[in-house]
Structures are given as C-alpha cells and as structure tokens.
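Scroll down for the structure; my scribbles are underneath it.
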Amino acid sequence: MIPVICIDGPSGVGKGTLSRHLAQKLGWHLLDSGAIYRALGLAALEQGILPDPNPDVAALEELARALPLQFREEGGQTRVFLQDRDISVALRSPLAGQLASQVAALSPVRNALLERQRHFRQAPGLVADGRDMGTVVFPDAPLKVFLTASVEERAQRRLKQLQEQGDSASLRAVEAEIAERDRRDRERSVAPLLPAADARILDSSGQSVAETFRVLEGWVHDTFGELIF
Ligand code: DC
C-alpha cells in the first residue's frame, strides 16, 4: 500500500507550507486539495454556474468530474493548469477562496472529487493537505496530523499577508472573521472540519515553522522509521 500522510486543519494555520516542505524532503507527491476546490469555483464562475445563491448542483457535479485540471512541477514550484491555461495566481485570490467554500459545502460535489483526489496516491508516497484528508479521502493513512493554531495567531499571520498585499484591516476584524469561519466549518453538516479519531493534534501557536516542522518530522520517524528521510 502506498503511504499517505494527511495534514488537515483550518485555513491560515500553515498547512500548505508544512505539507510542501515535507513532500519535498521525502520526495513524495503532494496533494493540495484546496486548489481543486478553488479551481472548480473559478471554472463554475467562468461557465456562469456561479455566483448563485442556489447553484445548479448537478451542473457543478458534472463540472467537478470533467474539470480539465493539471498540476505541473516547474522549477520546484507547482503550477496549476485549467486546460492549457495557467491559473496558479488566480487560484490564490480571495474570490477563488469564496467560490471554493461555496462548492465545498455541497456533498455531491465532494463525492465527485473523491476519486480525483485518490489518484494522487502514487509511489513512493503522498502528503495530502486539506480539511477531510484523514476523515474521508484517505481514512487508512498511517499518519494523520491535525494542525491548529490559536485564532489570535492565525489572525496575526493573515493581517501580515493583507498588509503585504497593500490592504488594511484591523486585527479585531480579522480575528472575528476567522472565529466565525471556524464555527461555520466545524458545524457544517457536510464534511465538518474535525480531526480524525486517530489524528495527532499539532498546535503551532507560538512556534516557528521550523519548530513545527521538527515535531512533524519526529512523528514521521515514529510512523515510518528512520530510513525514510
Ligand atoms: O485550503 P484552501 O483555503 O485552499 O481551501 C479552499 C476552500 O476549500 C475552503 O473553503 C475549504 C475548502 N476545502 C474543503 O472543504 N476540503 C478540502 N479538502 C480542501 C479545501
């Protein structure tokens, strides 16, 4: 069985960075499942299915199955293509995030994306980054990590990002937005954001990326043995 390491958790917790480092260090494949939801959201926008408060779920499901999405490794970076168009930059936009969160709340869409995500499980191994990697997509993964950080810490990081992009926002407003999104994610009926029963919880509050990565590496050693790196 090809090994999988699941890294789940809320947004703004640093999953992407840790998952990328780990996949690079192990020489394994990487699944950025959020990018799939984002690409689907953008494609639905282009096809006029979104925005819509009551979107055509059957159309979204069909689009999810047929989405001509490709991840290509170029110069140590992953670029995402829709058909032959590079959508890597557009994927990171707040709009793509909002559209993704709308399509991600629909269970027929989540089901339609399951096989696509499972295809990433290729030798020698996979690091899977998302919300439901350990609970739904790869329930048999030998190592499941649920990454958390305090609302304050995630708000600080988000504020810094916004400032770097030239946006202004107050820390309080960003904190309130994150707390509200956490509540929605935990309480939604479809794939709520919760750790798998057998996940190990990694709280990165007050830790540098390097410190968090060391803890993660320790768990990888415990699970797969010293020889893996
Ligand atoms: O991690 P991200 O910000 O790229 O995720 C974008 C959206 O997709 C976010 O609303 C959560 C959702 N998502 C999900 O529901 N399940 C996943 N496995 C990954 C992302």
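Note that ligands are numbered from 1 as they come in the structure, with each ligand's atoms numbered from 1 the same way. In what follows, residues are counted from 1 in the order of the sequence shown.
Residues Leu106 and Ile36 share a single hydrophobic cluster, defined by chaining ILVMFWY side chains whose heavy atoms lie under 4.5 Å apart. Each of Val136 and Val190 belongs to its own hydrophobic cluster when Ile, Leu, Val, Met, Phe, Trp and Tyr are linked at side-chain heavy-atom distances under 4.5 angstrom.
Around ligand 1 you find Ser33, Gly34, Tyr37, Arg38, Arg92, Ala100, Ser101, Ala104, Arg110, Gly130, Arg131, Asp132, Met133, Arg188, each with a heavy-atom distance below 4.0 Å.
Inter-residue side-chain proximity for Val103 and Leu50 is flagged as met; some heavy-atom pair is nearer than 4.5 Å.
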Please tabulate, one pair per line, all N/O donor-acceptor pairs under 3.5 Å involving side-chain atoms of residues 191-199, not counting sequence neighbours.
unit_1: Asp198; atom_1: OD1; unit_2: Lys144; atom_2: NZ; d: 3.1
unit_1: Asp198; atom_1: OD2; unit_2: Lys144; atom_2: NZ; d: 3.3

Without placing hydrogens or testing angles, list every side-chain donor-acceptor pair under 3.5 Å for residues 21-28, not counting sequence neighbours.
unit_1: Lys25; atom_1: NZ; unit_2: Glu217; atom_2: OE2; d: 2.5

Return a table of donor-acceptor pairs under 3.5 angstrom between the side chains of residues 58-70 and protein atoms on other chains or two or more places apart.
unit_1: Glu61; atom_1: OE2; unit_2: Arg65; atom_2: NH2; d: 3.2
unit_1: Gln70; atom_1: OE1; unit_2: Arg72; atom_2: NE; d: 2.9
unit_1: Gln70; atom_1: OE1; unit_2: Arg72; atom_2: NH2; d: 3.0

